[in-house]
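Worksheet: the structure to be examined is printed underneath.
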Amino acid sequence: MIHSEGAESVRSLIENIDPEAVQRTKQTKREGLKPLDNISTGVVLRFAPNPNGPLSIGHARGVVINHEYASMHDGKMVLRFDDTDTIVKPPMKDAYEWIIEDYEWLTGSKPDIVVRASERMPVYIRYAEEMIRKSAGYVCECSAEEFRALRVSKKACPHRGRSVEENIEAWGKMLDGRFSPGDAVVRVLTDMSLPNPALRDWPAWRIQHEAHPMVGNSYLAWPLLDFQSAIEDHEQGVTHIIRGKDLMDSTRKQKLLYDHLGWKYPETLYWGRVSIHGSGSFSTSEIRRGIESKMYSGWDDPRVPTLRSMRRRGFDPVALRSFWVDMGVTQKDVAVAMESIEASNAASIDSTSRRISLVSDPMSIAIQGELPREIVLPFHPDDEKAGTREISLASGTAIIEKEDLKNSFRLKGLANVESVGGIFEIGSVERDDDRPIIHWLSPDSSVTCELVMAIGDELNIMSCLVEDADLESGEVVQLERKGFARVEKWSPNSRKLLWLHR
RNA sequence: GCUCGUGUGGUGUAGUACGGUCCAUCAUUCCGGGUUUUCAUCCCGGCGACCCGGGUUCAAAUCCCGGCACGAGCACCA
């Protein structure tokens, strides 16, 4: 019957049995992050940066999502410094403190646990030995090139079958410096015939003789990320790992290690790559070079995509958090525009930003007619509590942007004006037509200031005129008709604004 | 080459585990209109999408197979 009658009759058939089954309900969008699975025993999440510089905008997602999940499930958050490489990405002593500051600014809270891998070396050494004694790992003396060839041909390396005693002996040589860098690595014993080449006897330890900024020359062999991270996640009781999908093979490698050690691997979520268009896309090391060569003034240079630069320009961490939470965790590679982040920020700060006028390319016009000695304007159109500022009109002139000059326009908050032979006559105080409204300044109530604007790799420093309002250093203001800027300095002899965004 | 992953409007996202409640959610951009003494804010309206092809089924964004596209890993970096 079903076959011949079609969907309609099936629908009515179902309707007779259970009317609710065919009721249509408007679908809704799930709000916030999708809850984690397997949370019955509580959650522990972690954010694990390399301390080779302060946090950049690229780290923000990792900080925000992990932190949000931890607080959403009343769990703990571990901030871990993965600093076991002293050569390729050498740690920077100051960065540890910077990252904690950046973390606290962005999340509004302190991490529950802070751990540096470099202070945990005894733990890693102990587990490496356990692994070797269990014949779950071995010391390999092949060169990188030799092993690469073995990996692709699925062949065992000559050191793979050594006895535990021989391995322990070689391991000791790695630790005490009888081996030189490159002479040997510790590998996790997996299976050379594994279909995924990345998993075949993957390297866990290598030799590095460089001094470490935190622990000096205490160690000559260091664990690689996959080993160190796996051990530390277990030690800290991490329940959920959220990482980039480029690290999927890391999960697989680490699971093989967990199998050797008899541990249960955490739940793992992945996200895709995010590229942010319109923000400088440079790496931490590139920024560092730019600072060293004096191209940038520091890690908070307005041109540089670090969190501290964004903080300095006036970004609101609450807006940043909601931006990343809204994006959620998907494995799609996404491209977002810096303008989107700015729009999110603008929405967040609009209601609290005081309004003032700034003129960057000034010209004076004479105004005449019935003028009050001063007018009072609100600092915010929708919020009386923001207070008011007084503008003196004693001089009978107004300063406007050159590009706003027309024969007829309205000086915002004052009156319509009309050019009569170059002199502007005051007209209606009421707004009674749709002539353009422009912002303006009075020479008696304005001061000069510096407006710093980052445009790509350029720093545009403009000398401007601005209202002499009583601004506070650090506050974010909206420049009428222009956009937002943060007050860097506001003292009688030096006023400096830093451009934020429209 | 081997391995893995992802494809929903311009952008981002919900829905996909249990096919019908989806002629597909929400936000933003864009377009039009309104409010407003800012090109800000706010309000209303509109445009706009399930990668392609087969299959299963009364019914597929959802399940299966095959393509295609894009991305990642195969470092003695993280």
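Every chain is numbered from 1 and lettered A, B, ... according to where its sequence line falls, protein lines coming before strand lines.
- Under a 4.0 Å N-O distance rule, the pair A:Lys155/A:Glu146 does not qualify as a salt bridge.
- With a cut-off of 3.5 Å on both pairing distances, the Watson-Crick or G-U wobble partner of B:rG66 is B:rC52.
- Minimum atom distance to the side chain of A:Thr330 is reached by B:rA14, of the listed B:rA78, B:rA14, B:rG12.
- The C1' atoms of B:rC30 and B:rG12 are separated by 15 Å, rounded to the nearest whole Å.
- Pair check for B:rU11 finds B:rA27; Watson-Crick or G-U wobble, both atom distances under 3.5 Å.
- Spacing between atom NZ of A:Lys412 and atom C1' of B:rU36 amounts to 9 Å, rounded to whole angstrom units.
- Remark: P of B:rG12 and CZ of A:Phe323 are 10 Å apart, rounded to the nearest angstrom.
- For A:Glu339 against B:rU29, no side-chain N or O and base N or O form a donor-acceptor pair under 3.5 Å.
- Tested against A:Leu358, the residues A:Glu467, A:Lys482, A:His439 include a single side-chain contact (heavy atoms from CB on, under 4.5 Å) partner, A:Lys482.
- The side chain of A:Pro195 sits closest to B:rU3 out of B:rU41, B:rU3, B:rA78.
- In this structure B:rC22 sits in no base pair that meets the Watson-Crick or G-U test at under 3.5 Å.
- Of the side-chain N and O atoms in A:Arg481, none sit less than 4.0 angstrom from OP1 or OP2 of B:rU41.
- Summarising the geometry, the separation between CG on A:Asp333 and C1' on B:rC70 is reported as 8 Å, rounded to the nearest angstrom.
- Across all strands shown, the partner of B:rG73 is B:rC2, judged by Watson-Crick or G-U wobble contacts whose two distances both fall under 3.5 Å.
- Put simply, CZ on A:Arg243 is 11 Å from C1' on B:rA78, counting in whole angstrom units.
- The gap from the C1' atom of B:rC26 to that of B:rG48 amounts to 15 Å, rounded to the nearest Å.
- With a glycosidic angle no more than 90° from 0, B:rA17 adopts the syn conformation.
- B:rU16 and B:rA24 have their C1' atoms separated by 12 Å, given to the nearest Å.
- Nearest to the side chain of A:Asp404, among B:rG73, B:rU37, B:rC39, sits B:rC39.
- Close to B:rC2, at under 4.0 Å from its OP1 or OP2, lies no side-chain N or O of A:Lys154.
- Checking the phosphate oxygens (OP1, OP2) of B:rA78, a side-chain nitrogen or oxygen of A:Thr84 falls inside 4.0 Å.
- Using a cut-off of 4.0 Å between Lys/Arg side-chain N and Asp/Glu carboxylate O, A:Arg200 and A:Asp191 are scored as not salt-bridged.
- Listed candidates were B:rU3, B:rU38, B:rA78. Nearest to the side chain of A:Asn50 is B:rA78.
- Following rounding to the nearest Å, A:Leu33 (CG) and B:rG15 (P) show an atom-to-atom distance of 12 Å.
- As judged by a 4.0 angstrom heavy-atom cut-off over every strand, A:Gly413 is placed among the base-contacting residues.
- Base pairing of B:rA40 is not made with any nucleotide, judged by Watson-Crick or G-U wobble geometry with both donor-acceptor distances under 3.5 Å.
- Taking the six-membered ring where tryptophan is involved, the planes of A:Phe315 and A:His501 are tilted, since the angle between them lies from 30° to 60°.
- For A:Asp432, the CG atom counts as densely surrounded, since its 6.0 Å shell holds more than 12 non-hydrogen atoms of other residues, nucleotides or ligands.
- In this structure, a donor-acceptor pair under 3.5 Å is absent between the side chains of A:Glu418 and A:Asn407.
- With B:rU38, B:rG12, B:rA78 as the candidates, the nucleotide lying closest to the side chain of A:Asp85 is B:rA78.
- Distance from the side chain of A:Arg206 is smallest to B:rA78 among B:rA78, B:rG15, B:rU6.
- Of the candidates A:Trp222, A:Phe81, A:Tyr219, A:Trp222 is the only one forming a ring-ring contact (aromatic ring centres under 6.0 Å, His included) with A:His212.
- The A:Lys89 side chain lies nearest to B:rC77 when the options are B:rU37, B:rC77, B:rU41.
- You'll find that the side chain of A:Asn196 is closest to B:rG73, out of B:rU38, B:rG73, B:rU37.
- In this structure, A:Arg200 places its CZ atom 7 Å from C1' of B:rC2, rounding to the nearest Å.
- Separation of the C1' atoms belonging to B:rC23 and B:rA61 is 13 Å when rounded to the nearest angstrom.
- The interatomic distance linking A:Asp249 (CG) with B:rU3 (P) rounds to 12 Å, in whole Å.
- Here B:rC42 presents its P atom at 10 Å from NE2 of A:His380, a figure rounded to the nearest Å.
- For the P atoms, the distance linking B:rU36 with B:rA14 amounts to 39 Å, nearest Å.
- You'll find that the side chain of A:Arg273 is closest to B:rA72, out of B:rC76, B:rU37, B:rA72.
- Comparing B:rU3, B:rC77, B:rG5 by their closest approach to the side chain of A:Gln208 singles out B:rC77.
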